[in-house]
Amino acid sequence: MTVLKTSMRNFFAHKGRMALSAVAVLLSVAFVCGTLVFTDTMNTTFDKLFAATSSDVTVSPKAAKSDNTPQNGRPDSLPASVLERAKKAQGVKYAEGAVSSMNVTVVNSANKNMGSSTGAPTIAGNWTRNDLRSMEITSGHAPRGPTETMVDADTADKHHLKLGDELRTIAVTGDFKARIVGIATFKVTNPGAAVVYFDTATAQRELLGTTGRFTHINLSTANGVTNDTLKQNVISSIGAGAYKVQTQKEYSDENRSGVGSFMDVIKYAMLGFAGIAFLVGIFLIINTFSMLVAQRTREIGLMRAIGSSRKQVNRSVLVEATLLGFFGSILGVGAGVGLAVGLMKLMSAAGMDLSTRDLTVKATTPVIGLVLGVVVTVLAAYLPARRAGKVSPMAALRDAGTPADGKAGLVRGIIGLVLTGAGTFALFTAAGADKASDGSLVLGAGVVLTLIGFVIIGPLLAGGVVRVISAVLLRFFGPVGRMAERNALRNPRRTGATGAALMIGLALVACLSVVGSSMVASATDELDKTVGTDFIIQGNQRIVPQAAKAIETTPGLEHVTHYRDIEAKIVAPDGSSDSDGVTAADPTYAQDLHRKTTAGELTAAYGKDSMSVGSKFATEHHVNLGDTLTVAFKGGSTAKLKVAAITDDNVAIDQGARYLSTETMRKYLPADRIPPDQIMFASAKNGQEKQAYAALKKSMEQYPQYQVRDQSDYKQELKDQIGQLLNMVYGLLALAIVVAVLGVINTLALSVVERTREIGLMRAIGMSRRQLRRMIRLESVVIALFGALLGLGLGMGWGATAQKLLALEGLKVLEIPWPTIIGVFIGSAFVGLFAALIPAFRAGRMNVLNAIATD
């Protein structure tokens, strides 16, 4: 009890010194809890949506995909006769046929896409009684004929649609127009999908290309009949195994699984960044308690002199850490809920509607945040607590605030050097790997080992690196600069730990910058070398036939190339096989993309009953030029195709592609199973590039879901996409960097308290307030630049090694983004200046006499 009272008294007596450490715990816990609340809320939203839109029992084609987008662009369907048989099953209250397709685009009269901008699908179908579970018509009426449609209220609000407006729906079966006669409002949260409804006959004809068929059948149970019972009755009525029959729960679970996998990726990625912030926070907490223990050396010595045992002193510090972790975590849990709400508002502003009515805070979330915050804080404080326990009673006779040893321990140095050496060796080994998959594991080990090694040897590196930085930067500031250097070198362990916190975040920034820049440079280089086409046309959906025809009839084009991915199983002569499919293209594709071959000529692969394979496939399956492969086309027949070329897979574009001609594909696939183009290429007639580009743009105005790009556009798009991804990652890493900045502030603030008497003496012998503030700012800048130098150097090493592995996948160019690296290094100096503002201000306001009198 005495230990607890002492700990409580010390904690609240020094609460100001603990504040920044508490903020670090708060931010880290908030990020964890915010991530959990946000992803749980997303899952709740989709769970409610799927439950509301699912009928009691659903019958669908056996091969139907959950995303409703089969290879040929038309939804899988079943005959209306199945509906008639299902109606006769015992326990059916009502049964109805439904039509639904997500492979559509809806545009207004100005050809503006009415779909979501967040990647959510556009769903077209017929209005059914089952839709009344999740929607209600709030304006107008349901569609009654081929020229009428109804839209959801969210889409109407976003795009300012009203009754009477005309919409054009673009499907693989063709385009058709209809006027809005109704608006339906979701009863549950719609995460952003755009929904349009038609009458049943129109939906069948325009979305499926035929009448008398449905994509699925909705059945409702009669009173007293369970969903499971109705399912069995329906199976007995329509035949077992012919169709997929699912209860509401089974149907919802199937749809939820795809969303759940995506949400898991988001959750674990964000938790990974939270873990980085926690790691950085550990250094802040270690530094805080180490300095507090050093400042209370005399006090601890007195405790030991009056009978406190080592365990009691140790326990006293750990209790303080527990209190710090507890209060920081409690606040962090609340901040996490606020963060989740903020993310939901941000997503809603971007077009993905999330309602706070669905805010989900599971009982485990605050528990996880609290336990994590307290455990991490206590573990971080363990070493300072252990050090406090070793303070002897004789320490009561010494001055308080005795600085730590100037050199790191010999054992620590040896361990750090061994780990760093092992990590460097792992990076070197990874760079020389023959397979990217094998090298990535070694790379991960190298990253972890070098990071831990640098953290451990940070105090050893501090002496040399700080002196170099000081020689370049501080020599212009005279005695004040020299004093700032000596302050930074006074306690290498503290400087090393403070710099290491900043090092971690900047190492990741540098690594990702190198990887991102190398990817862009490699892709650009390969585009310059291999892509011979003038224009590339593609979008988020396959290119519908009417859009393909518009491309073909564009004036000024020399040739147009069709490109399709075909689902197929390939069996090699040795009996081995894979189901990675083939690529069907026109012979002109050999001009559009220059592929090197290791055997044969690529043009021969576009001959009758011929194909090409990649060098990796040929090696793994023992395939030689002239061999015959068995190719089973999904939905078509099986072909015997001759290997006429083997392409070099040491590329990034079309790596592993197996080419055959469009004519060969048509021979073995029925017309209704041939998929639309995945992408199309076009080349202009000589000297007409600008005119052809403008003409293509005009031809595709009717189809805003597709983009026309020349090579310059394509390169810029690639650069923008990678840049957006990196910016998002940098934003998540910003949390770790903010915590690191708090560490610098805390270190300086506690250092000022530790040097109170020294500061008073310096002021007494003539140092001005301005000089004092400058000294502290320069010390902060040196520490920040020390961490930046280590982090950027380490990160560039990681990035260069990662690029060696990417080279095995065809991304061969290593590019160091020097403007980014230099900008981050200079920015670190400003970070140091910012971090020193409050400590320097407090130091400058000290009363000289009171400071000198401080014990």
Side-chain angles (χ1 to χ4, degrees), residues 26-54 66-67 115-121 123 133-135 152-155 157-158 185-195 248-249 251-278 329-373 728-729 731-732 734-735:
L26 183 155
L27 291 175
S28 301
V29 170
F31 205 83
V32 170
C33 292
T35 297
L36 295 176
V37 172
F38 176 71
T39 52
D40 288 341
T41 300
M42 289 277 286
N43 286 327
T44 298
T45 298
F46 282 107
D47 287 349
K48 287 184 177 180
L49 178 66
F50 293 143
T53 55
S54 304
S66 60
D67 64 358
S116 170
S117 59
T118 62
I123 305 172
R133 295 184 178 212
S134 59
M135 306 193 78
D152 70 278
D154 294 333
T155 299
D157 289 341
K158 288 176 187 175
T185 302
F186 274 94
K187 297 177 184 178
V188 293
T189 302
N190 170 25
V195 187
Q248 183 184 53
K249 183 179 185 305
Y251 189 81
S252 298
D253 288 345
E254 182 181 73
N255 282 277
R256 190 186 303 118
S257 62
V259 175
S261 300
F262 173 71
M263 292 308 303
D264 284 344
V265 171
I266 293 178
K267 179 169 74 173
Y268 292 124
M270 292 180 70
L271 288 177
F273 287 102
I276 294 169
F278 262 118
S329 299
I330 289 292
L331 296 173
V333 170
V337 175
L339 176 64
V341 172
L343 286 173
M344 291 167 62
K345 297 293 185 183
L346 186 64
M347 295 296 286
S348 295
M352 186 174 186
D353 296 327
L354 293 172
S355 173
T356 52
R357 296 192 306 271
D358 295 328
L359 188 68
T360 305
V361 184
K362 293 183 178 179
T364 54
T365 298
V367 173
I368 290 171
L370 190 60
V371 170
L372 196 59
M728 183 175 68
V729 174
L732 294 171
L735 175 65

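Each residue takes its place number in the sequence, starting with 1.
Proximity of L359 to V337: side-chain heavy atoms (C-beta onward) are separated by under 4.5 Å at one or more points. Proximity of V29 to F278: side-chain heavy atoms (C-beta onward) are separated by under 4.5 Å at one or more points.
Using a distance-only test at 3.5 Å, with no hydrogens or angles considered, a donor-acceptor pair links the side chain of T44 to the main chain of D40. Between the side chain of D152 and the backbone N or O of V195 there is at least one donor-acceptor pair closer than 3.5 Å.
Applying the salt bridge (charged side-chain N to carboxylate O under 4.0 Å, His left out) rule to pairs touching residues 256-266 yields D47-R256, D253-R256, sequence neighbours excluded.
Here OG1 of T41 is found 9.0 Å from CE of M263. Values are rounded to the nearest 0.5 Å. A distance of 3.5 Å separates OG1 in T35 from CE in M270, rounded to the nearest 0.5 Å. Summarising the geometry, atom CG belonging to N190 is positioned 10.0 Å from atom OG1 belonging to T45; distances are rounded to the nearest 0.5 Å.
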Give the C-alpha distance, both sets of side-chain angles, the deciding distance and a yes or no for side-chain contact (heavy atoms from CB on, under 4.5 Å) between L735 and L27. CA-CA 8 Å; L735 175 65; L27 291 175; 3.8 Å; yes
S252 vs S54, test: side chain to side chain donor-acceptor pair (under 3.5 Å). Steps then yes/no. CA-CA 7 Å; S252 298; S54 304; 3.2 Å; yes
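If you run side-chain contact (heavy atoms from CB on, under 4.5 Å) between L49 and each of V188, T189, D358, only V188 comes through.
Partners of K187 according to the salt bridge (charged side-chain N to carboxylate O under 4.0 Å, His left out) rule, which considers only residues two or more places apart in sequence or in another chain, do not exist here.
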